[in-house]
Peer 1: 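Handing you a structure now.
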Amino acid sequence: MRYVSTRGASPDVSFQEAVLNGLAPDGGLYLPTADGRRLTEGEAGWEAWLRQYSGFDAEDAFAFPLEAIRLDERTWVLELFHGPTAAFKDFGARFMARVLPHCHRGNAPLTLLTATSGDTGAAVAQGFHGVPGVRVFVLYPKGRVSAMQEAQFATLGGNITALEVDGSFDDCQRLVKAAFADADLTGRLTLTSANSINIARLLPQATYYFRALELTGMRGAETAFVVPSGNFGNLTAGVLAARDAFPEAAFLAATNANDVVPAYLAGAGYEPRASVATLSNAMDVGAPSNFERLHRLFDGDDARLRAFLGGAGIDDADTRAEIRLTYDRFGYAADPHTATGLAAWRRLRDTPRYAGRTGIVLATAHPAKFMDVMESVLPGVVRLPDRLAERMRHPIRSIRIPAAFEALSGVVVSGSGS
Ligand SMILES: *Cc1c(COP(=O)(O)O)cnc(C)c1O
């Protein structure tokens with residue numbers, strides 16, 4: 001399978017090159033050139049799909065279960081949070097960790113730099129922990145990540161080094177960008193990143209949708225996938241899978257108050273803006289990077305995209321109300337991200353677009369990751385899973401650095417064994 005840029009001004013590349021490049025040279029995002037329509041519903045599962053697109057087997061990348069739970073006759077939740085960091089990003093990060101060493105032809109070890117505001121660093125660190133030939137540096141802003149997040153990436157040791165930066169998340173991102181732009185550093189080390197726009201993090205997410213149909217025993221034509229969305233990577237992966245294997249499935253994009261895409265789907269122009277902080281903070285994105293992919297998948301045709309996809313923006317008050325309602329009715333504690341999906345489904349399930357369909361709401365994080373919100377809405381209900389509690393008992397081993405490039409490059413050069 002070859003990959004092309006959404007902007008059409010870069011040469012097409014192999015999967016391996018797309019993974020190493022991250023972003024295409026023209027600034028666009030990579031998309032597969034052809035579709036895999038040879039795979040039809042019932043004929044092939046997610047393993048064959050992923051192999052066709054990437055050339056790789058998922059092997060042990062998905063070593064944790066998915067669970068589908070029925071709430072009412074027209075609503076399921078698909079739990080994607082049984083991985084090490086209790087959020088669905090574990091799937092993409094683990095798959096990327098398995099394939100990245102094979103994408104890189106040279107013998108020199110890879111040095112992976114990632115700036116995080118919390119969750120991405122956790123998934124990347126856990127995914128790459130112990131992977132030979134890759135040394136990972138996670139940069140995070142001092143005092144601005146939760147204790148649980150910090151435990152996920154700063155207690156591992158081995159090939160994972162956590163750098164506690166005296167500054168903001170923006171400072172961390174600036175340092176990473178400076179490293180990639182520094183000729184001395186890039187001459188000495190093979191630098192790479194694990195951005196969420198990387199095709200190796202996007203593709204494995206398609207497997208959720210195949211698995212959802214397997215687990216619920218439904219066909220595409222009977223279902224609506226409801227996807228809590230921020231950067232829209234998860235939803236874009238679902239659209240890719242559906243195009244090949246279950247084209248009659250419907251989709252619903254749920255966002256929080258950062259509702260640029262729902263507003264566009266309702267007929268407004270596409271107008272990215274600064275994000276606002278909400279309870280579902282992993283979805284606080286005002287300029288969703290994968291919109292460019294989604295738009296290209298519909299040949300840039302707004303009318304077709306609007307005909308295909310519904311959307312709803314759910315504010316914090318409605319998110320809290322949904323958490324309460326879902327617990328009272330079904331005894332199910334949904335985290336704030338999942339709750340935006342449940343609320344979007346409740347709002348739109350009886351509209352013509354979705355009438356007669358059963359919603360499969362993607363549950364993107366374990367509620368224990370958002371204990372403060374859960375405690376304020378459902379006191380005493382959620383308990384911390386053992387695997388998260390266990391991680392928090394390990395000592396933090398991060399290296400503290402000022403928000404200065406020289407400090408970063410010093411640690412990275414000595415810590416990468418060169
Ligand atoms: C990242 C994330 C999302 C949003 O996923 P996108 O692919 O960015 O749309 C939703 N929920 C949780 C818990 C996340 O971590």
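What's counted below: heavy atoms across the whole structure, side chains too, no hydrogens, waters or symmetry copies. Read the numbers this way: they start at 1 and go in the same order the structure lists the ligands and their atoms. Quick note: residue numbers are just sequence positions, from 1.
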Peer 1: Anything under 30° is parallel, anything over 60° is perpendicular, the rest tilted; go ahead and classify His295 against Tyr264.
Peer 2: perpendicular
Peer 1: When you compare the side chains of Thr319 and Glu322, does any donor N or O come within less than 3.5 Å of an acceptor on the partner?
Peer 2: no
Peer 1: With a 4.0 angstrom cut-off on heavy atoms, strictly below it, pick out the residues next to ligand 1 and order them by chain and number.
Peer 2: Phe88, Lys89, Pro228, Ser229, Gly230, Asn231, Phe232, Gly233, Asn234, Ala282, Met283, His337, Thr364, Ala365
Peer 1: For the pair Phe91 and Tyr208, name the ring-plane relationship: parallel under 30°, tilted 30 to 60°, perpendicular over 60°.
Peer 2: perpendicular
Peer 1: Parallel, tilted or perpendicular for Phe251 and Phe225, by the 30°/60° rule?
Peer 2: tilted
Peer 1: Work out which heavy atom in Ala179 is nearest to a heavy atom in Leu408; give both atom names and the distance.
Peer 2: CB-CD2, 4.2 Å
Peer 1: Do Asp335 and Thr338 have a side chain donor and acceptor closer than 3.5 Å?
Peer 2: yes
